Structures are given as structure tokens and as C-alpha cells.
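Convention: sequence-line order gives letters A, B, ...; per-chain numbering from 1. Quantities reported herein were computed from a predicted structural model and do not represent experimental measurements.
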Amino acid sequence: MQGQALPGFRDFYPDELALKNHIFATWRDVARRYGFQEYDGPPLEPLELYTDKSGEEIVQQLYAFEDKGGRKVALRPEMTPTLARMVGAHAQALKKPIRWFSIPQLFRYERQQRGRLREHFQLNMDIIGEASPLADAELIAAAIDIMRAFGLGPADVRARVSDRRVLRTLLLGRGLTEPQLPAAFEVIDKSERVPRDAMAAKLRETGIGKRETDAVFEIAALRGLDAVAAALAKVKGGEEAGEPLRQAVGALEAMGLGDFVLVDLTIVRGLAYYTGIVFELFDTGKSLRAICGGGRYDGLLNALGGVDLPALGFGMGDVVLGELLKERGPADQASTKLDAFLIAVSGEDMAPVLKLAHQLRDLGVAVEYGLRPAAIRKQLELAAARGAPRAIIVGPDERAAGEVVVRDLKAGTEARVPIAKLSGLFH
RNA sequence: GUGGCUGUAGCUCAAUCGGUUAGAGCGCUGGACUGUGGCUCCAGAGGUUGCGGGUUCAAUUCCCGUCAGCCACCCCA
């Protein structure tokens with residue numbers, strides 16, 4: 001063995017690249033249907049683009065180094081800062097709301113695990129300059145429609161939707177104080193994975209009383225818009241705080257996507273900059289990591305790009321999605337498809353095969369032929385292995401009649417076809 | 001970065017208590033089959049047992065280190 005790719009990096013063999021291309025094509029198609037425009041930025045950025053926002057400790061999570069000009073640089077770990085810069089620079093000229101998407105390759109220096117590598121491609125869809133909850137619904141719908149475009153339904157994937165404003169209002173309304181909120185958020189975020197006792201202990205350490213601790217667990221257990229609304233009705237300002245979430249979920253229901261949506265306040269998302277509705281897509285078997293995550297980050301553009309615009313977006317990586325599709329998607333239909341495989345019966349048939357192959361290729365037909373003389377059975381074997389739907393057999397007898405034999409490789413039937421009529425097979 | 005588990009052919013796995021030349025299926029190449037694939041049969045190629053060291057007459061097997069993968073943290077994408 002001559003070594004392998006760096007840990008967390010991938011070689012794409014043809015089957016794998018075909019899957020990746022299929023994913024990209026589907027992403028682009030759904031983005032197009034939603035009226036999003038594609039953009040891109042540099043894969044290498046100034047280190048400060050990331051440290052300014054997230055602090056120095058993020059450097060150990062980055063591929064960061066000094067270039068030959070002494071500049072501190074990093075391979076991009078996320079697209080949002082680049083987007084913020086680009087939008088910030090042209091903010092005056094761009095008609096709002098901005099609807100942009102990108103498929104950057106992102107890098108992170110972290111120990112790899114299943115579904116989590118050091119490099120991946122991530123669809124980013126963002127809407128900038130629109131505060132309406134309909135924008136939130138629009139993005140969640142796009143994420144869901146990508147799943148549908150892959151043939152996945154509510155039995156396969158769901159969107160868990162929450163709103164930090166709702167969570168915040170509920171917690172404050174149940175007696176928690178502002179300084180206690182981060183700890184409460186963290187506990188709620190992990191409430192599914194970590195034992196309740198450990199979480200209660202964590203809350204106690206933060207100085208949160210028993211009654212408030214019970215409230216935290218109560219809130220974390222809420223499921224569905226109605227349950228959340230009922231809880232909100234009991235606290236001050238609750239109805240107002242719940243309005244955006246209610247509208248966004250209502251819009252999704254109006255689109256007919258209600259079966260995909262699950263209101264669940266345990267979706268907090270790690271990033272501190274989220275300010276409103278947040279959501280994740282996950283497989284219903286819960287055997288994989290989140291397929292997609294995002295939300296509203298109204299303050300971030302101001303902090304990064306210097307323009308005060310409301311914004312929201314999501315990221316969807318190719319790794320977890322690829323695993324999900326391999327697990328339950330239909331068979332790989334994405335491989336390069338040959339239209340025909342040409343077969344020369346004898347050495348004298350080689351030149352006519354070359355001529356015919358070239359004529360067909362000029363017409364846009366995908367053809368292959370054996371690159372060395374071989375028995376017909378060998379050539380047919382190769383034709384079948386290549387997945388060609390038909391073989392075109394050129395032999396002395398056929399040539400004398402100005403014909404070829406067209407063999408259907410699936411049905412096993414064949415017919416003689418005049419060479420002049422051959423191109424009609426492919427239109 | 002921390003901890004646990006696992007590393008044998010391209011893939012999935014086997015190899016008795018530490019014992020002689022590390023095997024099988026699938027895949028790959030060739031042949032049986034000189035104008036017709038899928039089936040069957042035969043043969044072949046492919047291994048520094050992840051790598052390095054130690055113990056031993058002898059290591060795929062036991063020990064240590066290291067690298068890689070998986071899992072849990074951390075962190076989130």
C-alpha cells in the first residue's frame with residue numbers, strides 16, 4: 001500500500017463521485033426552483049475572518065497556517081463569514097431580500113467520526129434582508145423539498161423546529177434569570193442524550209432552584225405547536241413571543257409540508273449567534289447525525305459585514321446525506337451511462353467499428369468498444385459490465401449487407417439494422 | 001485535544017493452547033468457449049497479518065509504542 005488520503009479526507013471513486021454529483025445536481029435543482037442564485041468565495045481566507053467572531057480558541061479547530069507572505073490564513077470552516085463580507089461590501093446595490101446559495105468545500109481540523117470528516121461539501125442557502133417568518137418557512141421548506149427530491153418522505157426524515165425567542169420567554173417566565181439562561185439552553189440542547197440526573201446537577205451548580213429546574217425539564221419535554229402555545233399562554237409576553245414560530249409552522253402546513261414538521265424546543269443549535277427560529281433535519285431512525293441545521297441570525301451581518309440586515313440560513317453537508325441515501329435511497333442511478341458498446345467480429349471489422357463509433361460520438365451518442373482484438377464473448381462481457389443497454393455487432397456478413405446486428409443486452413434479443421438507420425435508435 | 005474498542009487479500013471474514021508454507025467466498029485476470037454476455041467448471045494474480053519494538057526455540061496470536069478506523073467526550077458543520 002502506498003499510503004492513503006489524509007485522515008478525514010476522501011478519495012472519490014467513480015461510484016462515490018457519481019453519488020456526490022447526484023447530490024449536487026439535486027441541491028442546485030431545488031435551489032433553482034426556489035429562486036436562489038449561486039455564489040462562491042475563496043476556500044482560503046484571512047484567519048481573522050474567523051477569530052474575530054469566535055475567539056482565538058477556534059484556531060485549533062481550523063486548518064490555519066502562515067502563507068509565504070507572512071499572512072495568517074485558514075481554510076474556510078464555514079461559509080457565513082464569507083457571505084457576510086460579500087453582502088456587506090455590496091449591500092447597497094443588492095435588491096432585498098437576497099436569496100443566495102453556495103456549495104463550498106469546508107474544512108475543520110477535528111478528530112473524524114462517522115458522518116463527520118475534516119472536509120466536506122455543504123449546501124448553504126441564505127435569505128438576507130427579510131425579517132418575516134415566511135422567510136424562515138421558505139428555507140425550512142427548501143430543506144424539506146431537497147429531501148423529497150431524493151425520494152424521502154416524512155417516514156424517513158423530519159424537521160425539528162424551535163425558536164430561541166420562545167425558549168427564552170418561557171424560561172424567563174418560569175422564574176429563571178438572564179444569567180441562568182446559557183446553562184439552561186445547554187441542558188435543553190442535551191436533554192435527549194444526557195441523563196436527567198446529570199443535567200439536574202448541572203443546573204443546581206449554576207444556582208438554579210428546584211422549581212426552576214423542573215420548569216426547564218417541562219419546557220424541554222414540550223412537543224408540537226399546541227403544547228408550546230399552551231405553555232406560552234401562561235407566561236408574560238408569551239403570546240407575542242410565539243407568533244413568529246406559529247406563522248412559520250402555519251406557512252409550512254399551508255405548503256402541505258406539515259407532516260415533516262415537529263415543533264421541539266430541544267433544538268437549540270450550538271452557535272451563539274442564532275437569534276430566532278432554528279431547525280434541524282434528522283433521519284427518523286436517528287442513527288445518523290443531523291442532516292442539516294440552520295436558523296435565523298439577525299445580528300451577525302452587523303457584526304461581520306457592517307450592515308444591519310436580518311438574515312437566516314442553513315447548511316446541509318454531503319457526508320451525512322450521502323450515508324442516508326446509501327442506507328435507504330434507491331439504487332445508484334447516477335453512474336455514467338453508455339448508449340452502446342460496439343463489437344468487431346474480426347480484425348477486418350475494426351476499422352469500420354472505429355468509423356461507426358466516431359460517427360455516433362459526433363452525434364452525441366456515448367459509445368465504447370474493445371481496445372484490443374478479443375473473442376466476441378469477451379467483448380459482450382465487457383459491454384454488459386459497462387452497463388451498456390445494447391451491443392452493436394459489426395461482422396463480415398453484416399458489412400456485406402450494409403447492416404449491423406443490434407443486440408439488446410437486457411432482453412437478449414437482437415435484430416439486423418441497416419447502418420443508415422442506426423442513428424435513429426438514439427435520436 | 002481526552003478516554004474506550006478494533007486493525008489479516010480490493011471487499012466480507014477464517015486460522016485450535018503461541019507451532020511448520022496465513023486460508024475461503026465475492027471481486028479481478030486468463031482458459032474451457034475461434035460469430036454471441038449473465039450459468040457452470042478450471043487455473044492465476046493479489047499479503048511485510050497497519051507500522052515499529054519487546055518476550056519466546058517459535059508471534060496473526062502475548063506485551064509496549066505508534067498510526068489508522070469506529071464509539072463516547074469536546075465541538076459543532
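The base of B:rC75 is paired with the side chain of A:Arg116 by a donor and an acceptor separated by under 3.5 Å. Side-chain atoms of A:Glu398 come within donor-acceptor range of the base of B:rG35, with a qualifying N/O pair under 3.5 Å. One cannot find a donor-acceptor pair under 3.5 Å joining the base of B:rU36 and the side-chain atoms of A:Gln379.
When the nearest nucleotides of RNA chain B are assigned to A:Arg114 and A:Glu119 by heavy-atom distance, the more 5′-ward of the two goes with A:Arg114. Comparing A:Ala411 and A:Phe9 along RNA chain B, the residue whose closest nucleotide (by nearest heavy atom) sits nearer the 5' end is A:Ala411.
Using a 4.0 Å cut-off, no side-chain N or O of A:Lys378 falls inside it from OP1 or OP2 of B:rG35.
Base pairing annotation: B:rU2 forms a Watson-Crick or G-U wobble pair with B:rA72, both donor-acceptor distances under 3.5 Å. Pair assignment for B:rC28: B:rG44, on the basis of Watson-Crick or G-U wobble contacts that are both within less than 3.5 Å. B:rU66 and B:rG50 make up a base pair, with Watson-Crick or G-U wobble contacts both under 3.5 Å. In this structure B:rU55 sits in no base pair that meets the Watson-Crick or G-U test at under 3.5 Å.
Checking A:Glu119 against A:Gln105 by side-chain atom types alone, a donor-acceptor pair falls below 3.5 Å. No donor-acceptor contact under 3.5 angstrom links the side chains of A:Tyr273 and A:Asp298, judged on distance only.
Between B:rA14 and B:rU8, the two C1' atoms lie 9 Å apart (nearest whole Å). A distance of about 11 Å separates the P atoms of B:rU61 and B:rC51, rounded to the whole Å. Using atom C1' as the reference point in both B:rG65 and B:rA24, the two lie 34 Å apart (nearest Å). For the P atoms, the distance linking B:rG25 with B:rU66 amounts to 39 Å, nearest Å. The same atom, C1', is picked in B:rA43 and in B:rU36; the two are 24 Å apart, to the nearest Å. Look at the P atom in both B:rC63 and B:rU55: the space between them is 16 Å, to the nearest Å. B:rA9 and B:rG47 are spaced 10 Å apart, taking the P atom of each and rounding to whole Å. Taking atom C1' on both nucleotides, B:rG46 is separated from B:rG4 by 35 Å, rounded to a whole Å.
Distance A:Gln113 CD to B:rU6 P: 18 Å, rounded to the nearest Å. At whole-Å resolution of the value, CZ in A:Arg10 and P in B:rA77 are 18 Å apart. Distance, A:Arg108 CZ to B:rC74 C1': 11 Å, rounded to whole Å. Between A:Leu338 atom CG and B:rG37 atom C1' the separation is 15 Å, expressed in whole Å. Distance A:Asp189 CG to B:rC75 P: 10 Å, rounded to the nearest Å. Spacing between atom CG of A:Leu409 and atom P of B:rG37 amounts to 11 Å, rounded to whole angstrom units. Whole-Å rounding puts the A:Arg289 CZ to B:rC75 P distance at 14 Å. Atom CZ in A:Arg76 sits roughly 21 Å away from atom P in B:rC76 (whole-Å rounding).
Checking B:rG1, B:rG35, B:rA77 against the side-chain heavy atoms of A:Arg111 singles out B:rG1 as nearest. Checked against B:rU36, B:rG35, B:rG37, the side chain of A:Glu381 finds its nearest nucleotide in B:rG37. Checking B:rA68, B:rG30, B:rC33 against every side-chain atom of A:Arg377, the shortest atom distance belongs to B:rC33. The side chain of A:Pro7 has B:rA68 as its nearest neighbour among B:rA68, B:rG35, B:rU34.
For A:Gln359, the CD atom is densely surrounded, since the number of other residues' heavy atoms within 6.0 Å is greater than 12. Under a cut-off of 6.0 angstrom, the local environment of NZ in A:Lys72 is sparse, with at most 12 non-hydrogen atoms contributed by other residues, nucleotides or ligands.
Among the atoms of the strands shown, base atoms are found under 4.0 Å from some heavy atom of A:Ile393. The residue A:Pro396 sits close to a base: some heavy atom pair falls under 4.0 Å. Contacts of A:Asp408 with the nucleic acid, taken as non-hydrogen atoms under 4.0 Å apart, include base atoms. In this structure, A:Gly293 reaches neither bases nor backbone, as no heavy-atom distance under 4.0 Å exists between it and the strands shown. Residue-level contact check: A:Leu117 touches the bases, meaning some heavy atom is under 4.0 Å from a base atom. Nucleic acid contact for A:Gly8: sugar-phosphate only, since backbone atoms but no base atoms lie under 4.0 Å from a heavy atom of the residue.
A donor-acceptor contact shorter than 3.5 Å is absent between the side chain of A:Arg148 and the backbone of A:Ile144.
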Test A:Arg108 against A:Glu78 for salt bridge (Lys or Arg N to Asp or Glu O under 4.0 Å), laying out the working first. CA-CA 9 Å; A:Arg108 265 183 112 103; A:Glu78 56 168 330; 6.0 Å; no
Where do A:Phe107 and A:His120 land on the ring-ring contact (aromatic ring centres under 6.0 Å, His included) test, with the steps shown first? CA-CA 7 Å; A:Phe107 305 86; A:His120 73 155; 9.0 Å; no
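Residues passing the side chain to side chain contact (heavy atoms under 4.5 Å, CB included) test with A:Phe24, sequence neighbours excluded: A:Lys20, A:Trp27, A:Arg28, A:Ile103, A:Phe121.
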